[in-house]
Amino acid sequence: MKESVDVTIVGAGVVGLAVAETLAQKNRQVLVLEKNDSFGKETSSRNSEVIHGGIYYPKEFLKSRLCLEGNRILYAWCERCNVPYRRIGKLIVATDEDECAELERIKITAEDNGVENLELLGQSQLKSKEPEVAALAALFSPSTGIIDTHRLMRTLLISAEGKNVIVAYRAEVTAIHFDGSAWDISINSGQYRVRTKILINSAGLYADRIAALAGIDVDTAGYRLKQCKGTYSTASPAPKINHLIYPVPAKNNVGLGIHATLDLSGRVRFGPDSQYLSTSQRFDYSVDEARKPVFYESVRRYLPCISMNSLNPDMSGIRPKLQRPGEPVKDFIIQEEGSQGLAGLVNLIGIESPGLTACLSIAKYIREKSVIAT
Ligand SMILES: Cc1cc2nc3c(=O)[nH]c(=O)nc-3n(C[C@H](O)[C@H](O)[C@H](O)COP(=O)(O)OP(=O)(O)OC[C@H]3O[C@@H](n4cnc5c(N)ncnc54)[C@H](O)[C@@H]3O)c2cc1C
């Protein structure tokens, strides 16, 4: 038997759940298909859990706008739905003169993007906030915070289900066919089928595969994803820090640099580092003890109390990147594909950081900009 729904979302990560919650309304049947046995088991549970302030991205990028808006909406959601969070603030620390100059550039870019209340701190002001951090200056971002991502996803799920959204687990999308008016989706190689008017591809690391199944030439469209692993490390004993501590990002860095994060229980983690994966390694989350020296060299520049022996490899996550190593950073792709003759298909490609921060603003953007609005 073939079910028929209005909207089908592929992927129950934080973005797919936020989209489902936001699009749900009376008289609209929304279905979420997730290949795993529960929600948020991939990138959405393998990240730094930081609510970003929108500091680094170029102004014209969706990443910039959606991060800034997402930051505000996400804090409001946390308040309303009792999701644990703390607005602990972030310090970007400069350890030499060049980095001090870079801090000023970062501040100007961020303010131009609309980030408010940034503060440049001198050495003694920094020392009073973070006695264990050794740096010449810092940029303080008070709007950066941390969140319990699992609770966030659970509240999105509960709210969506309360609006009659159906979330199906162990439901892998394996084939997609468009007949010119609606989409036929095959689940688990034909075990189930569903017909849908709107198809939203929020498949994270697999979003290029889903786009290809839906009829997009992903290389021509520029949708081919490159997997970039980020590994974390813990330290025992852990340094005492009160804020998120980030280095000044290196030029052409593929991430934000190995930073020190705190979770809501006060646990300190370092990372993520950045390692592009080859095709054979693509979805390999194993952590490599041999990365210890990379962590040590990065972290000891701003936390000299760290010793190599105190570091222990922790978990890893994988970023779905659009740029190859060394290429300039690329923006999120959020694209309704009507112009390709694929009406009703909305692709979300390259939703790496700040995708967690921006989950609700991405959802709002889709609701306002796409075929859904009509
Ligand atoms: C190391 C790291 C650190 C990060 N830190 C931060 C941070 O501090 N702050 C921040 O804002 N962002 C951060 N991010 C980014 C953030 O984690 C992601 O942007 C966000 O989790 C993406 O959510 P998603 O729902 O798009 O993807 P995912 O969580 O990957 O969800 C996609 C879902 O689609 C499902 N799926 C895939 N294919 C199929 C199929 N064929 N059929 C059915 N289901 C399918 C998958 O199983 C998965 O559950 C970080 C990312 C990484 C890797």
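Counting convention: from 1, in listed order, for ligands and their atoms alike. The basis for the numbers below is simple: all heavy atoms, side chains too, and nothing from hydrogens, waters or symmetry mates.
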message: Below 4.0 Å, non-hydrogen atoms only: which portion of E352 touches ligand 1? Side chain, backbone, both or neither.
response: backbone

- prompt: Do R319 and ligand 1 have an N or O pair less than 3.5 Å apart?
  reply: no

field: Basic-acidic side-chain contact under 4.0 Å: E352, K63
entry: yes

- request: Could you tell me which atoms of ligand 1, counted from 1 in the order shown, lie closer than 4.0 angstrom to a heavy atom of N36?
  value: 47 (O)

- request: Mark the output for K41 as yes if a heavy-atom distance to ligand 1 is under 4.0 Å, and as no if none is.
  value: no

- prompt: Is the number of heavy atoms from other residues, nucleotides or ligands within 6.0 Å of CD (E97) greater than 12?
  reply: no

For atom 50 (C) of ligand 1, closest protein heavy-atom neighbour: N47 CB, 3.4 Å

message: Under 4.0 Å from a heavy atom of I318: which atoms of ligand 1 are those, numbered in the order shown and with their elements?
response: 53 (C)

message: Is there a path of hydrophobic side-chain contacts, each under 4.5 Å between heavy atoms, that joins M315 and L262?
response: no

- prompt: Between K229 and Y276, is NZ or CZ placed under 6.0 angstrom from the six-membered ring centre and within 45° of the ring axis?
  reply: no

- prompt: Are K35 and Y206 in a cation-pi setup, meaning NZ or CZ lies under 6.0 angstrom from the ring centre and within 45 degrees of the ring axis?
  reply: yes

- prompt: Among protein heavy atoms, which sits nearest to atom 31 (O) of ligand 1, and what does the distance come to when rounded to 0.1 Å?
  reply: G13 CA, 3.4 Å

message: If the condition is ring pair (Phe, Tyr, Trp, His ring centres under 6.0 Å), which residues does F270 pass it with, not counting sequence neighbours?
response: none

For atom 52 (C) of ligand 1, the protein heavy atom that lies nearest, with its residue and separation: R46 O, 3.8 Å

query: Near A171, which atoms of ligand 1 are under 4.0 Å from a heavy atom of that residue?
result: 42 (N), 43 (C)

query: Does a side chain donor of either W77 or T155 reach within less than 3.5 Å of an acceptor in the other side chain?
result: yes

message: Salt bridge or not between D179 and R195? Use side-chain N to carboxylate O under 4.0 Å.
response: yes

task: For G11, take its heavy atoms, then give the atoms of ligand 1 lying under 4.0 Å from any of them.
output: 33 (C), 34 (O), 35 (C)

Shortest reach to atom 25 (O) of ligand 1 by a heavy atom, considering only I9, D37, V15: V15

query: Which protein non-hydrogen atom lies closest to atom 21 (O) of ligand 1, naming both residue and atom, and how far is it?
result: S44 OG, 3.0 Å

query: When the aromatic ring centroids of H150 and F39 are compared, is their separation below 6.0 Å?
result: yes

query: Is there a donor in the side chain of S64 and an acceptor in the side chain of N113, or the other way round, less than 3.5 Å apart?
result: yes

- request: Just jot down the ligand 1 atoms closer than 4.0 angstrom to any heavy atom of E49, in number order.
  value: 8 (O)

statement: Note: heavy atom closest to atom 32 (C) of ligand 1, options S48, S202, G16, belongs to S202

field: Identity and separation of the nearest protein heavy atom to atom 10 (C) of ligand 1
entry: L356 CB, 3.4 Å

message: Testing the 3.5 Å rule here: is there a donor-acceptor pair between the side chains of T95 and R301?
response: yes

task: Just jot down the ligand 1 atoms closer than 4.0 angstrom to any heavy atom of G355, in number order.
output: 11 (O), 12 (N), 19 (O)

salt_bridge(R291, D273) N-O dist < 4.0 Å: yes

- request: Answer side chain, backbone, both or neither: which part of T357 comes under 4.0 Å from ligand 1, heavy atoms only.
  value: both

task: Looking only at protein heavy atoms, identify the closest one to atom 41 (N) of ligand 1 and say how far it is in Å.
output: V173 O, 3.2 Å

field: Distance from atom 3 (C) of ligand 1 to nearest protein heavy atom, with residue and atom
entry: Y232 OH, 3.2 Å

Donor-acceptor side-chain pairing of N36 and E42 below 3.5 angstrom: yes

- request: Ignoring angles and geometry beyond distance, decide whether Y206 reaches within less than 3.5 Å of ligand 1 through its nitrogen or oxygen atoms.
  value: no

- prompt: Touching ligand 1 at all, C359? Heavy atoms, strictly under 4.0 Å?
  reply: no

Minimum-distance protein heavy atom relative to atom 22 (C) of ligand 1: I351 O, 3.7 Å

field: Atoms of ligand 1, numbered as shown, that sit under 4.0 Å from any heavy atom of I210
entry: 41 (N)

task: Please could you name the atoms of ligand 1 that V50 approaches to less than 4.0 Å, counting only its heavy atoms?
output: 7 (C), 8 (O), 9 (N), 10 (C), 11 (O)

Results of ring pair (Phe, Tyr, Trp, His ring centres under 6.0 Å) for F61 - residues two or more places apart only: none

